[in-house]
Novice: 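Right, I'll just put the structure down here and ask away after.
As the structure lists them, so they are numbered: ligands from 1, and atoms in each ligand from 1. Basis for what follows: all heavy atoms, side chains included, without hydrogens, waters or symmetry-related copies.
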Amino acid sequence: MTTVREWLLSSSLDSIDKSFMLEQVRGMNKAAQLIHGDRVLTPEEENRLNDIANKRSEGVPLPYLLGTQEFFGRPFLVNPSVLIPRPDTECLVEWLIEHLPKNGLVCDLGTGSGCIAATVALERPDLTVWASDISKGALAVAQANCKALGADVKLVQGSWLDPYPAELSFDAVISNPPYIEGDDKHLDALRYEPRSALTDESDGLIAYRSILPQIKRKAPEVQVIAFEHGWNQEEAVQSIFEENGFKGASTFRDYGNNPRFTAWLKV
Ligand code: GLN
């Protein structure tokens, strides 16, 4: 028989991770774990906890084990079909909430878990939000998140702007595309996340070179464009905006003070 306290002390895993695992498996929050540390785990709970703990020690990210990650104060379901939402992306979302045009028609390309689209739709109910992803697995996760959170987002499957009905003329286009360079060593540490969501297997800029010309053709009314990118891609992404006729884009920093997204506003 193992008590809650004994299990919390039982391995060298991070104690915050262990506390999250207990909360998920036994439904006991941190305070309850402290107060009721002498409660005994059922054999099923103990097996499940040990299974999660073993996978965590092998390096599986905690959100995949728990099936959830918080983003902008809301829980998002995640599985290995989608990138785990990052706090840095909240900086982009904050900017979007402030700058998306009133009553605008917005699309989020490569939506993954749907964290950007769902948050924007919930924070700005005046907007009409569409989102797409090429991955069916990702769309299923985005669908589940929008349903669970009550976010009104219309989801379509396909590459960038391709799958949208031709009559939609978007006022804003947003994306957090795969932008890590194919030979970046950092990818090893991210091996549990979908590689196609992280890298284009090239210089990390293919998405921007594909999406911006599509916007010119398919969204002539566009007023806002915003893309997340890597800490070292500020100049390259700005040049791609310029080459496509979107002059005067600005780059903004994330919580770590690294350049993280570039946005263009029609003047
Ligand atoms: N921000 C992620 C990372 O560097 C990458 C996300 C992406 O490629 N869109 O870990």
Side-chain angles (χ1 to χ4, degrees), residues 17 56 59-65 68-72 76-96 106-120 131-135 137-139 141-142 145 155 158-161 172-212 214-215 225-238 240-241 249 251-264:
D17 281 12
R56 183 72 197 107
V60 181
L62 189 63
Y64 287 154
L65 295 170
T68 176
Q69 168 67 43
E70 190 181 297
F71 182 80
F72 218 84
F76 280 81
L77 305 166
V78 291
N79 68 26
S81 296
V82 299
L83 207 68
I84 297 165
R86 307 284 202 271
D88 291 333
T89 304
E90 294 177 341
C91 298
L92 165 63
V93 165
E94 236 167 288
W95 185 92
L96 290 169
V106 179
C107 63
D108 172 29
L109 310 181
T111 195
S113 65
C115 64
I116 298 177
T119 306
V120 161
S132 55
D133 206 291
I134 200 162
S135 150
L139 276 184
V141 176
N145 278 320
L155 291 157
S159 170
W160 309 136
L161 276 169
V173 181
I174 317 162
S175 184
N176 174 15
Y179 54 70
I180 301 179
E181 286 178 50
D183 59 3
D184 191 323
K185 299 277 172 287
H186 183 161
L187 285 169
D188 294 341
L190 303 173
R191 67 186 179 285
Y192 290 95
E193 295 187 80
R195 198 172 159 99
S196 62
L198 291 163
T199 178
D200 57 12
E201 306 293 351
S202 173
D203 64 355
L205 298 166
I206 291 182
Y208 313 109
R209 288 195 205 98
S210 312
I211 298 170
L212 285 163
Q214 278 198 326
I215 297 177
I225 305 171
F227 297 145
E228 183 170 318
H229 54 71
W231 60 274
N232 55 353
Q233 292 171 329
E234 172 174 2
E235 282 175 23
V237 173
Q238 289 217 10
I240 303 170
F241 270 85
T251 298
F252 299 85
R253 287 169 184 263
D254 60 23
Y255 296 129
N257 204 29
N258 292 309
R260 182 56 60 198
F261 69 94
T262 291
W264 173 88

Novice: So among P63, C115, S113, which one has a side chain to side chain contact (heavy atoms under 4.5 Å, CB included) with V82?
Specialist: S113
Novice: What does the list of residues with a heavy atom under 4.0 Å from ligand 1 look like, ordered by chain and number?
Specialist: L83, R86, N176, P177, P178, Y179, I180, H186, L190, A197, L198, E228
Novice: Return yes if some donor-acceptor pair links the side-chain N/O of R260 with the main-chain N/O of H229 below 3.5 Å, else return no.
Specialist: yes
Novice: Does some side-chain heavy atom of D254 sit less than 4.5 Å from a side-chain heavy atom of W231?
Specialist: no
Novice: With no hydrogens and no angle check, just 3.5 Å: does a side-chain donor-acceptor pair link Q238 and T262?
Specialist: no
Novice: Assess whether side chain to side chain contact (heavy atoms under 4.5 Å, CB included) is satisfied between Y192 and I84, documenting all intermediate values.
Specialist: CA-CA 10 Å; Y192 290 95; I84 297 165; over 6 Å; no
Novice: Do any pairs count as a salt bridge (charged side-chain N to carboxylate O under 4.0 Å, His left out) and have a residue in residues 196-208, sequence neighbours left out, and if so which ones?
Specialist: R195-E201, D203-R209
